[in-house]
Amino acid sequence: MSQVKILLDESEIPAHWYNVVADLPNPPAPPLGPDGKPIDPSALAAIFPQPIIEHEVSRERWIAIPDPVREIYRQWRPTPMFRARRLEAAIGTPARIYYKYEGVSPAGSHKPNTAVAQAYLNHIAGVRRLTTETGAGQWGSALAMAGRMFGIEVRVFMVRVSYDQKPFRRSMMETWGAEVIASPSSHTRSGRRILDLDPESPGSLGIAISEAVEEAVSRDDTKYALGSVLNHVLLHQTVIGLEAKRQFEKAGDYPDVVIACCGGGSNFGGTAFPFLADKAAGRKVRLIAVEPESCPTLTRGHYAYDSGDASGLTPLMLMYTLGHNFVPPSIHAGGLRYHGDSPLVSQLCHEKIVEAVAVPQLATFESGLTFARSEGIIPAPESNHAIRAAIDEAIACKRSGEPKTIFFTLSGHGHFDMTAYDRYLHGELEDISYPADAIAAALDQLPKVAPS
Ligand SMILES: *Cc1c(COP(=O)(O)O)cnc(C)c1O
């Protein structure tokens with residue numbers, strides 16, 4: 001019998017997170033304030049507690065994972081790695097395909113890895129209430145659960161279109177005790193500004209972030225939590241790649257290519273950064289971020305300073321962006337519809353240390369079905385992007401006869417996304433490519449900052 005699951009013991013949960021900043025060839029560009037000058041980290045104190053700011057700006061290579069966080073990680077970590085033997089057979093590839101499954105967390109995705117850490121760091125700083133935004137509902141669910149574990153009240157601004165389309169994600173957050181508000185809402189100035197322009201606005205992640213940030217700034221008892229994009233979030237997610245490396249040691253293999261889908265970059269950074277440490281040390285490994293053609297931030301966006309939200313409340317970050325006013329086409333991978341991307345992932349992409357590809361929606365669902373019908377697990381629509389890229393690599397191996405080792409992270413299950421599968425199965429989904437003129441137009445809306 002040949003091994004299918006590669007498992008680690010609870011004692012092998014990483015003791016440290018890996019901070020890629022320590023291994024970057026060039027230092028990260030600083031975030032800028034509204035005046036175009038680098039902000040002092042203390043400027044973040046209005047929305048984040050001190051322990052999170054320390055993670056955000058740290059240059060230490062290893063940061064200890066606090067024991068209470070590791071205790072909670074035990075509930076579902078280490079996550080399993082699978083050798084996708086049945087998928088390999090279905091494709092007929094000589095490649096060896098491995099995937100790490102983050103859908104075993106209580107919220108069903110990788111997001112609790114940082115939600116638990118953030119809730120804990122807010123808790124030790126005395127924070128009693130958090131605001132956040134959620135698109136597809138994955139992040140809101142993760143923070144609702146994590147907040148509950150540390151006695152923190154959570155208010156989630158949920159993008160209107162998802163609020164209407166995914167009532168069960170909302171119920172999930174409410175089950176964990178969070179309050180869920182459809183965004184744009186009349187609770188905030190940012191929300192009212194959008195509703196005045198368009199009472200039927202479907203909302204966007206950028207708008208929901210504005211609402212959550214505005215409320216955190218205006219209330220003493222409240223801080224804000226972000227589920228992706230920022231350095232501290234990617235840091236917390238490196239448990240994925242660190243465990244994966246140990247699992248490859250156990251399997252006696254090592255990936256030629258590492259693949260993850262990329263929305264704000266936390267799943268990709270968490271998966272790929274620990275391998276990047278090996279790459280920096282001279283090892284050959286390709287790292288590929290996969291995004292939707294309808295929201296092609298890394299592959300077609302501008303590398304420029306832009307704001308993280310629609311109203312310009314956040315510091316400006318140097319990243320690939322489609323413009324902060326971007327309202328994405330309503331594709332079903334809601335977690336991949338952000339206008340910007342992690343500054344760390346953007347920099348590495350700009351410096352050609354990591355690669356990015358964009359894939360069309362129908363091809364991702366086709367791959368999701370191939371995966372579900374061979375491996376059994378029904379993937380989140382976001383994860384289908386990684387599967388598409390992995391299958392494409394495996395098909396290339398079939399043509400060339402090369403037995404490469406392909407690794408991807410299966411970031412979540414799709415149990416709350418069956419409407420999307422239903423529409424695919426009934427031929428109701430389509431490919432939407434983001435128009436080139438909209439990308440060009442975004443350039444004019446970017447904040448003007450003097451080149452450094
Ligand atoms: C949120 C989410 C993503 C994408 O977000 P990143 O910040 O890029 O990680 C991918 N897959 C799933 C299942 C998600 O919930």
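When reading the values below, keep in mind they use all heavy atoms of this one structure, side chains included, and skip hydrogens, waters and symmetry mates. Values in this document were obtained by computation on a predicted structure and should not be read as measured data. Counting starts at 1 for both ligands and their atoms, following the listed order.
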| query | For residues 47-63, which residue pairs qualify under salt bridge (charged side-chain N to carboxylate O under 4.0 Å, His left out), counting only residues two or more places apart or in two chains? | reply | Asp23-Arg61

Tabulate below the donor-acceptor pairs under 3.5 Å that side-chain atoms of residues 135-152 make, not counting sequence neighbours, or state none.
unit_1 : atom_1 : unit_2 : atom_2 : d
Gln138 : OE1    : Arg169 : NH2    : 3.1
Trp139 : NE1    : Thr132 : OG1    : 2.7
Ser141 : OG     : Gly137 : O      : 2.5
Ser141 : OG     : Arg169 : NH1    : 3.0
Arg148 : NE     : Trp176 : O      : 3.2

| Taking the side chain from Thr131 and the backbone from Arg155, do they hold a donor-acceptor pair closer than 3.5 Å? | no

| Asp164 side chain to Val161 main-chain N or O, any donor-acceptor pair under 3.5 Å? | no

| Residue contacts for ligand 1, heavy atom to ligand atom, distance under 4.0 Å | Ser109, His110, Lys111, Gln138, Ser228, Cys261, Cys262, Gly263, Gly264, Gly265, Ser266, Asn267, Gly335, Leu336, Ala380, Glu382, Ser411, Gly412

| note | Contacts of Arg83 meeting salt bridge (charged side-chain N to carboxylate O under 4.0 Å, His left out) (sequence neighbours excluded), chain-then-number -> Glu88

| Centroid-centroid distance, Tyr303 to Tyr320, less than 6.0 Å | yes

